[in-house]
Amino acid sequence: QVQLVESGGGLVQAGGSLRLSCAASGRTVSNYRVGWFRQAPGMERELVAASSRSGGNTDYANSVKGRFTISRDNAKNTVNLQMNRLKPEDTAVYYCAAVHSDRIVVLPRQFNYWGQGTQVTVSS
């Protein structure tokens with residue numbers, strides 16, 4: 001099975017940028033659909049962005065379209081999330097998740113493997 005470890009979170013001012021990385025081990029990440037989710041206090045976990053196995057198809061939440069970009073570096077076995085023009089409402093714990101399928105799935109329960117999460121805090 002694949003193990004996932006997120007990094008790159010932190011504190012940033014509104015309008016700034018962060019780049020999150022999800023490092024996979026144990027299996028080749030190119031065999032998995034990968035999603036970035038986030039969960040703010042008192043809120044349900046929601047999909048932010050997802051990538052097909054090849055990286056050729058991506059999906060984004062409406063709230064982040066045009067600001068966030070998901071990308072794969074299969075040579076490094078990582079999946080990244082570039083976050084630009086951050087807003088205070090982007091504050092959450094961000095999780096990387098994977099499923100051994102290429103079906104278009106978007107619900108947390110449809111992903112089998114999860115990282116431990118990384119905190120992103122955007123100050124106003």
Locate the shortest heavy-atom distance separating [X] from [Y]; write the atom from each residue and the value.
X	Y	result
Arg85	Asp90	O-OD2, 4.5 Å
Ser124	Ala14	CA-CB, 4.4 Å
Ala92	Ala40	CB-N, 3.8 Å
Val106	Gln110	N-OE1, 3.1 Å
Ala24	Val2	CB-CG2, 3.8 Å

If two hydrophobic side chains count as joined below 4.5 Å and joins carry through other members, does [X] share a cluster with [Y]?
X	Y	value
Val34	Val105	no
Val29	Leu20	yes
Tyr32	Leu47	no
Phe37	Leu4	no
Tyr113	Val93	no

>> Within the structure provided, determine whether Ser71 and Arg19 are in side-chain contact (heavy-atom separation under 4.5 Å).
In response: yes

Report yes or no: does [X] contribute a side-chain atom to a donor-acceptor pair with the main-chain N or O of [Y] at less than 3.5 Å?
X	Y	value
Ser17	Asn84	no
Ser54	Gly56	yes
Asp102	Ser52	no
Thr91	Thr121	no
Glu6	Gln116	yes
Asn74	Asn77	no
Gln3	Gln1	yes

Decide if atom [atom1] of [X] counts as having more than 12 heavy atoms of other residues, nucleotides or ligands within a radius under 6.0 Å.
X	atom1	answer
Asn112	CG	yes
Ile104	CD1	no
Gln13	CD	no

Interatomic distance, [X] atom [atom1] to [Y] atom [atom2] [nearest 0.5 angstrom]:
X	Y	atom1	atom2	result
Arg38	Glu89	CZ	CD	8.0 Å
Asn31	Ser101	CG	OG	11.5 Å
Ser51	Asn57	OG	CG	8.5 Å
Met83	Leu18	CE	CG	4.5 Å
Trp36	Tyr94	CH2	OH	10.0 Å

>> Applying side-chain contact (heavy atoms from CB on, under 4.5 Å) to Ile70 and Tyr60, what does each step give before you reach the verdict?
In response: CA-CA 9 Å; Ile70 187 171; Tyr60 295 93; 3.4 Å; yes

> Pick one: which of Asn80, Thr78, Val79 meets side-chain contact (heavy atoms from CB on, under 4.5 Å) with Arg72?
Replying inline: Val79

> With under 30° as parallel and over 60° as perpendicular, where do the rings of Trp114 and Tyr95 fit, or are they tilted in between?
Replying inline: perpendicular

> Between Arg33 and Asp59, does at least one N-O distance fall below 4.0 Å, as a salt bridge requires?
Replying inline: yes

